[in-house]
> 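Right, I'll just put the structure down here and ask away after.
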Amino acid sequence: MLKQTDLSRVDLNLLILFDVVMRELHVGRAAQKLHLTASAVSHGLKRLRALLGDPLFLKTPRGVVPTDRAKELDPLVQDIISRIGKVVATAEPF
């Protein structure tokens with residue numbers, strides 16, 4: 001578990017990556033949606049797995065399936081993304 005002060009070292013883009021992989025259930029399709037390579041998505045998942053201490057997604061012949069931990073985290077990640085979207089939506093011309 002991370003301490004509050006460690007959040008500055010966390011790449012919050014990994015939450016977006018998690019979300020897209022969760023929706024697509026396929027690394028290649030997630031990569032296309034994120035305008036990244038499949039290798040970059042795989043690397044991001046590796047970092048996220050290390051951060052969260054869970055495989056999160058397991059490979060299958062048709063893509064990936066979420067682990068129980070990923071399913072548990074999904075609504076929390078959705079909430080975080082929604083809240084960040086609301087903060088950004090309040091922006092006015094600078």
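For the single chain, residues carry numbers from 1 onward in sequence order. Predicted model only: the values in this text are computed from it and were never measured. We use all heavy atoms of the structure for the numbers below, so side chains are in, but hydrogens, waters and symmetry mates are not.
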> Please enumerate all residues that pass side chain to side chain donor-acceptor pair (under 3.5 Å) together with K33, with sequence neighbours excluded.
E24
> Kindly compute the distance separating CZ (R83) from CD1 (I81), expressed to the nearest 0.5 Å.
13.0 Å
> Looking only at heavy atoms, what is the nearest atom pair of H26 and V64, with distance?
N-CG2, 3.9 Å
> Flag the pair H43 / S39 as yes when at least one side-chain heavy-atom distance between them is below 4.5 Å, and no otherwise.
no
> What's the shortest heavy-atom distance between L25 and P66, and which atoms?
CD2-CD, 3.7 Å
> Rounded to the nearest 0.5 Å, what's the gap from OG1 on T67 to CZ on R49? Could you check?
9.0 Å
> Between V87 and L7, is there a shared hydrophobic cluster once you connect ILVMFWY residues whose side-chain heavy atoms come closer than 4.5 Å?
no
> Under 3.5 Å, side-chain donor or acceptor atoms of residues 14-21 against the rest of the protein: list the pairs with distances, not counting sequence neighbours.
from : atom 1 : to  : atom 2 : distance (Å)
D19  : OD1    : R23 : NE     : 3.1
D19  : OD1    : R23 : NH2    : 3.2
D19  : OD1    : Q78 : NE2    : 2.2

> Measure the spacing between CG of L36 and CG of L34 and express it to the nearest 0.5 Å.
5.0 Å
> Can you tell me how far the CG atom of D11 sits from the CG atom of L48, to the nearest 0.5 Å?
9.5 Å
> Once rounded to the nearest 0.5 Å, what's the spacing between atom NZ of K46 and atom CG of L51?
14.0 Å
> Answer yes if V65 and V41 sit in the same cluster of Ile, Leu, Val, Met, Phe, Trp and Tyr residues linked by side chain heavy atoms under 4.5 Å apart, and no otherwise.
no
> Just so I know, are the side chains of L45 and F57 near enough to count as touching, which here means a heavy-atom distance under 4.5 Å?
yes
> For the CZ atom of R69 and the CG atom of L52, what is their distance to the nearest 0.5 Å?
6.5 Å
